[in-house]
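Shown next, in structure tokens, is the structure this report addresses.
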Amino acid sequence: MPEKFEVSDYRIYRARKEPLFPRPFVTDMFVETERGIHNAVYKLTEENIYSRPHGSPQKVILYVSHLEMDDELINDEKIREILSDHSDHAIYTCDLRGIGQTESNTHVSYSIPYNKEYFYGMLSNMMGEPLIGKRTYDLLCILNWLESLGHTEITILGNGWGCQPATFASVLNENVKKVILKNALSSYSDIAESTFYNWPVSAFPMNVLNHFDLPDCYLDLKRKNLEILGMWDAQAGEEK
């Protein structure tokens with residue numbers, strides 16, 4: 001990845017009311033991390049705001065979605081509970097590139113196991129730039145953007161597919177003070193040793209087991225008060 005993690009630009013859209021979200025108002029933003037690459041970011045607030053985001057309070061929790069933050073903010077009770085418990089934090093949520101609001105509308109005429117996530121995951125591997133690395137880069141850019149606003153104490157909450165970029169970004173960014181992972185992958189070894197698995201190819205850094213595995217990251221993140229809420233093996237919570 002590049003040495004610098006900078007936001008090229010960001011766009012703010014009109015705030016709206018979402019009474020089923022953990023906080024009733026949401027400001028839609030799109031944060032550009034590379035030319036033409038936009039990540040959907042929400043700021044959840046108690047009142048409607050018409051200003052640019054600012055760093056008050058300094059504490060912030062950033063939710064990294066599994067498949068779609070809109071659905072998860074409404075229907076995932078544990079995520080709602082965690083965000084509600086951080087009443088003294090600013091709340092931001094994000095769909096990284098290719099997830100949720102930023103999912104491509106490319107039509108792939110394959111069967112279900114070989115969908116768009118597989119298509120772009122394989123293309124990125126062929127180009128030598130794995131999608132998991134790009135999503136980690138996006139998240140690092142968003143973290144630096146939050147820091148530039150004045151948020152200096154950051155908690156990351158990752159869910160499912162969002163746990164890997166959340167893990168890697170938390171290892172690399174020193175301003176992340178706490179990490180919460182829900183349904184994190186147990187290890188890449190579990191996948192390598194399984195006949196079948198339900199994680200997308202886009203979740204795998206190439207050649208990763210020659211260098212490290214996820215438990216090494218989890219061990220390192222104990223210094224950042226890592227909290228793991230359930231762990232998924234190769235089957236990603238589905239029956240074998």
Side-chain angles (χ1 to χ4, degrees), residues 10-31 33 38-57 59-105 116-117 135-136 138-139 141-143 145-146 149 151 153-167 169-170 176 178-185 200 202-203 227-232 236-237:
Y10 67 96
R11 304 175 186 179
I12 306 173
Y13 296 89
R14 183 179 294 274
R16 54 191 167 87
K17 190 170 185 179
E18 288 288 352
L20 297 180
F21 280 8
R23 290 182 183 173
F25 291 95
V26 55
T27 300
D28 289 87
M29 292 173 280
F30 279 89
V31 176
T33 54
H38 298 88
N39 299 262
V41 176
Y42 288 166
K43 181 175 184 180
L44 306 186
T45 57
E46 294 291 350
E47 299 179 350
N48 211 347
I49 59 173
Y50 295 98
S51 64
R52 295 178 179 178
H54 52 79
S56 178
K59 292 181 178 180
V60 62
I61 183 167
L62 173 63
Y63 174 59
V64 187
S65 68
H66 170 45
L67 296 177
E68 182 183 354
M69 60 182 172
D70 284 282
D71 176 70
E72 293 152 24
L73 288 172
I74 294 173
N75 297 313
D76 192 317
E77 293 184 7
K78 189 61 180 178
I79 296 300
R80 291 175 53 83
E81 176 187 334
I82 295 169
L83 294 178
S84 297
D85 286 344
H86 287 74
S87 58
D88 59 339
H89 288 56
I91 296 179
Y92 289 81
T93 70
C94 65
D95 282 337
L96 300 176
R97 73 173 73 190
I99 298 293
Q101 283 201 29
T102 65
E103 182 180 356
S104 167
N105 60 4
K116 286 181 286 188
E117 191 71 11
R135 287 173 176 162
T136 301
D138 292 337
L139 185 52
C141 289
I142 292 170
L143 289 172
W145 173 66
L146 290 175
L149 299 177
H151 297 297
E153 296 184 44
I154 300 174
T155 295
I156 282 191
L157 169 58
N159 185 15
W161 290 7
C163 285
Q164 282 112 310
T167 296
S170 298
V176 174
K178 184 174 181 180
V179 184
I180 306 171
L181 302 176
K182 177 177 176 285
N183 299 329
L185 174 59
S202 57
E227 185 177 351
I228 296 181
L229 308 175
M231 191 166 274
W232 278 349

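Around CZ of R16, the count of heavy atoms belonging to other residues, nucleotides or ligands within 6.0 Å exceeds 12.
Minimum interatomic distance between S202 and R135 (heavy atoms only, all atoms of both residues): OG-NH1, 3.8 Å. Nearest heavy-atom pair across P165 and T136 is CA-OG1, 3.6 Å. A pairwise comparison of heavy atoms in L67 and I99 identifies O-CG2, 3.3 Å as the closest pair. Nearest heavy atoms, P22 versus L73: CD-O, 3.6 Å. Of all heavy-atom pairs spanning H54 and H151, the tightest one is O-NE2, 3.0 Å. Of all the heavy atoms in H86 and I180, the pair that sits closest is CE1-CD1, 4.2 Å.
Contact annotation: the side chain of L149 never approaches that of V60 to less than 4.5 Å [non-hydrogen atoms, C-beta and beyond]. Using a 4.5 Å cut-off on side-chain heavy atoms (C-beta onward), P24 and E46 make contact. In this structure, the side chains of L229 and K78 come closer than 4.5 Å at one or more pairs of heavy atoms. Side-chain contact between I74 and F21: present, with at least one pair of heavy atoms (C-beta onward) separated by less than 4.5 Å. Residues Y42 and D28 meet the side-chain proximity criterion, which asks for heavy atoms closer than 4.5 Å. Within the 4.5 Å cutoff, the side chain of W145 has heavy atoms near those of the V41 side chain. By the 4.5 Å heavy-atom criterion applied to side chains, S65 and D71 are not counted as neighbours.
D85 pairs by the side chain to side chain donor-acceptor pair (under 3.5 Å) definition with nothing, not counting sequence neighbours. Under the side chain to side chain donor-acceptor pair (under 3.5 Å) criterion, E103 pairs with K116, sequence neighbours left out.
If you take CD on E68 and CG on D76, they are separated by 12.5 Å, rounding to the nearest 0.5 Å. Rounding to the nearest 0.5 angstrom, the gap separating the OG atom in S170 from the CG atom in L143 is 7.0 Å. The distance from the CD1 atom of I91 to the CG atom of L83 is 5.0 Å, given to the nearest 0.5 Å. Residue I61 holds its CD1 atom at 13.5 Å from OH of Y92, rounded to the nearest 0.5 Å. The OG1 atom of T155 lies 10.0 Å from the CG atom of L62; values are rounded to the nearest 0.5 Å. Atoms CD1 and CG, on I156 and L181 in that order, are 9.0 Å from each other to the nearest 0.5 Å.
In this structure, the side chain of H38 does not engage the main chain of R97 through any donor-acceptor pair within 3.5 Å. Checked by atom type and distance alone, the side chain of E72 never pairs as donor or acceptor with a backbone atom of I79 at under 3.5 Å.
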*Would you please test T102 and D95 for side-chain hydrogen bond (donor to acceptor under 3.5 Å, both in side chains) and show each step?*
CA-CA 7 Å; T102 65; D95 282 337; over 6 Å; no
*asked:* I'd like to know whether Y13 forms a side-chain contact (heavy atoms from CB on, under 4.5 Å) with R11, so could you lay out the CA-CA distance, the side-chain angles of the two residues, the decisive distance to 0.1 Å, and finally the verdict.
replied: CA-CA 7 Å; Y13 296 89; R11 304 175 186 179; 3.7 Å; yes
_Quick one, K43 with I49, criterion side-chain contact (heavy atoms from CB on, under 4.5 Å). Give me CA distance, side-chain angles, the key distance, then yes/no._
CA-CA 10 Å; K43 181 175 184 180; I49 59 173; 4.2 Å; yes
Side-chain atoms of residues 157-164: list all donor-acceptor pairs with protein atoms under 3.5 Å, sequence neighbours left out, distances to 0.1 Å.
from : atom 1 : to  : atom 2 : distance (Å)
N159 : ND2    : Y63 : OH     : 2.9

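A salt bridge is absent between R80 and E77: the closest approach of a Lys/Arg side-chain nitrogen to an acidic carboxylate oxygen does not fall below 4.0 angstrom.
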